[in-house]
Chemist: 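Okay, handing you the structure first.
All values derive from a computational prediction rather than experimental measurement. Start at 1 and go down the list; that is how both ligands and their atoms are numbered.
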Amino acid sequence: MLIRRRPSHPIQPSAITQPETFAQRRQLLKAAMATGIGLSTNLAHALVKPQGDGTLIPNRIDTPHGDGLTLTAYENITRYNNFYEFGTGKRDPFRYAHTLQTRPWVVKVDGECEAPGEIGIEDILRHIPQEERIYRFRCVEAWAMNVPWNGFSLMTLLKRFKPTSKAKYVAFETLFDPEQMPGQKRSVLDWPYREGLRMDEAMHPLTMLATGVYGTELPNQNGAPLRLVVPWKYGFKSIKSIVHIRFTDKMPGTTWQQMAPDEYGFYANVNPQVDHPRWSQQQHRMLGDSFFARKQDTLMFNGYAEAVADLYRGMDLHQFY
Ligand code: MTE
């Protein structure tokens, strides 16, 4: 995020899983389930060639959410990342995130709630139905992706811990373990990575905790085993590898806002009318497109205005960026 570089897409077109492959896999899995024929896990893996270990997400519900968006190739979603815990280069997370151990994995939930406690990722995967939703995901540096995430509405998890009326915000933290996340040995950020949402944003049905992508468990570089996705906000709100969720009555400090408050706000809503001080936010390029491809106009709230604009009614979005 700090250094502005033009993406030099290192992925050769020949290496890209075409979106049709995903659609075919969806259909194959559906057909196999409908006829009662078990599809061998290996075959399903081969169809998506994942860089995670390829474990299929259990308990999946196929939703039409986002159907019609042209999917970004799996290889682009998983090889061009921001995850400073593994280095500041876009290719570093794909190369180095294998040192992260995602089992066992426990998320602690506390603060302003009646039932603080812990929940393991296995319980989440087994007991919370995982929806497949295609969301547009836009980073602040003007590239965007259409990602088929698997996961569930954050509110499903939050409600279990019974937030009280004092809970006005939700704060999130990534794991801090410099042995597993060697980037944390350098002070490029104030570790651990922190993010936050206002309570109504956190309880909005579009706000998702993602556990997978393209039907398989999240690869480490994308924030395994659990990461936030808020489709109407810039990508840096999507905190990865979450271990701590806290309900609070005060707006929590967040990593990028603390690093560069003039450049990154708490709200971080995608807004073509509010430029980043060093670049325009009016247009973006889809990840994987050629450098010469026409840029697309960025939409208010990333195209989700109908669903979320009410959350910000009456607020000056130039002030609360
Ligand atoms: N979460 C943690 N823990 N560390 C990070 O460096 N980078 C953020 C966000 N979540 C980051 C993080 C930024 S700047 C972006 S744009 C997105 O993750 C990138 O998500 P992706 O790599 O899955 O595309």
Chemist: Record the part of F137 in heavy-atom contact with ligand 1 below 4.0 Å; permitted values are side chain, backbone, both and neither.
Modeler: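 Just the side chain.
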Chemist: Report the part of M145 (side chain from C-beta onward, or backbone N, CA, C, O) that has a heavy atom under 4.0 Å from ligand 1; answer both or neither where that applies.
Modeler: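 Near ligand 1, M145 shows its side chain, while the N, CA, C and O stay back.
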Chemist: With a heavy-atom distance limit of 4.0 Å, tell me whether F83 approaches ligand 1 through its side chain, its backbone, both, or neither.
Modeler: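 Both backbone and side chain.
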Chemist: If you measure from each non-hydrogen atom of N82 to ligand 1, which part falls under 4.0 Å: side chain, backbone, both or neither?
Modeler: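 Both of them.
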Chemist: Examine N222 against ligand 1 and note whether any of their N/O atoms are separated by less than 3.5 Å.
Modeler: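 By distance alone, the answer is yes.
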Chemist: Of V109, L228, I245, T207, which is the lone residue that meets side chain to side chain contact (heavy atoms under 4.5 Å, CB included) with V170?
Modeler: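 With V170 as partner, side chain to side chain contact (heavy atoms under 4.5 Å, CB included) holds for just one option, I245.
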Chemist: Within the 4.0 Å heavy-atom shell around T174, which atoms of ligand 1 are there?
Modeler: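 Those atoms are 3 (N).
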Chemist: Does one side chain, of R133 or S153, offer a donor that lies under 3.5 Å from an acceptor on the other?
Modeler: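 Side-chain D/A pair, R133 to S153: present.
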Chemist: S241 near ligand 1, heavy-atom distance under 4.0 Å?
Modeler: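 S241 does not count as a contact of ligand 1 under the 4.0 Å cut-off.
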Chemist: Against ligand 1, does R227 come closer than 4.0 Å with any heavy atom?
Modeler: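 It does, in that a heavy atom of R227 comes within the 4.0 Å cut-off of ligand 1.
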Chemist: For the ring pair Y312 and F301, is the centre-to-centre distance below 6.0 Å?
Modeler: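 Yes, the ring centres sit under 6.0 Å apart.
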Chemist: Among M181, Q184, Q221, find the one that has a side chain to side chain contact (heavy atoms under 4.5 Å, CB included) with F86.
Modeler: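 Looking at M181, Q184, Q221, the match for F86 under the side chain to side chain contact (heavy atoms under 4.5 Å, CB included) is M181.
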Chemist: List ligand 1 atoms under 4.0 Å from C139, heavy atoms only on the residue side.
Modeler: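 This gives 16 (S) as the contact atoms.
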Chemist: Quick check with a 6.0 Å cut-off and a 45 degree axis cone: is K237 positioned over the face of F266's six-membered ring?
Modeler: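 Yes, K237 lies over the aromatic ring of F266.
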Chemist: For atom CZ of R103, decide whether the heavy atoms of other residues, nucleotides or ligands shown that lie under 6.0 angstrom number more than 12.
Modeler: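 Yes, the 6.0 Å shell around CZ holds more than 12 heavy atoms from other groups.
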Chemist: Just checking K166: does its NZ atom have more than 12 heavy atoms from other residues, nucleotides or ligands closer to it than 6.0 angstrom?
Modeler: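 For K166, atom NZ is not crowded (no more than 12 foreign heavy atoms under 6.0 Å).
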Chemist: Evaluating non-hydrogen atoms only, which member of F236, Y193, Y264 is closest to atom 11 (C) of ligand 1?
Modeler: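 The nearest heavy atom belongs to Y193.
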Chemist: Does the Lys NZ or Arg CZ of R285 fall within the cation-pi geometry relative to F291 - under 6.0 Å from the ring centre and within 45° of the axis?
Modeler: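 Positive - R285 is close enough to the ring of F291 and near enough to its axis.
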Chemist: With heavy atoms of Y84 as the reference, note each atom of ligand 1 found under 4.0 Å away.
Modeler: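 Heavy-atom distances to Y84 below 4.0 Å select 5 (C), 6 (O).
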Chemist: I need the Y169 OH to D200 CG distance, nearest 0.5 Å.
Modeler: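 CG of D200 is found 9.0 Å from OH of Y169.
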Chemist: Taking distance alone, with no angle check, do S238 and ligand 1 share an N/O pair under 3.5 Å?
Modeler: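 In this structure, S238 places an N or O atom under 3.5 Å from an N or O of ligand 1.
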Chemist: Minimum distance, heavy atoms only, to atom 4 (N) of ligand 1: which one of K240, M181, E85, Q184 is it?
Modeler: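 Considering heavy atoms of K240, M181, E85, Q184, the nearest to atom 4 (N) of ligand 1 sits in E85.
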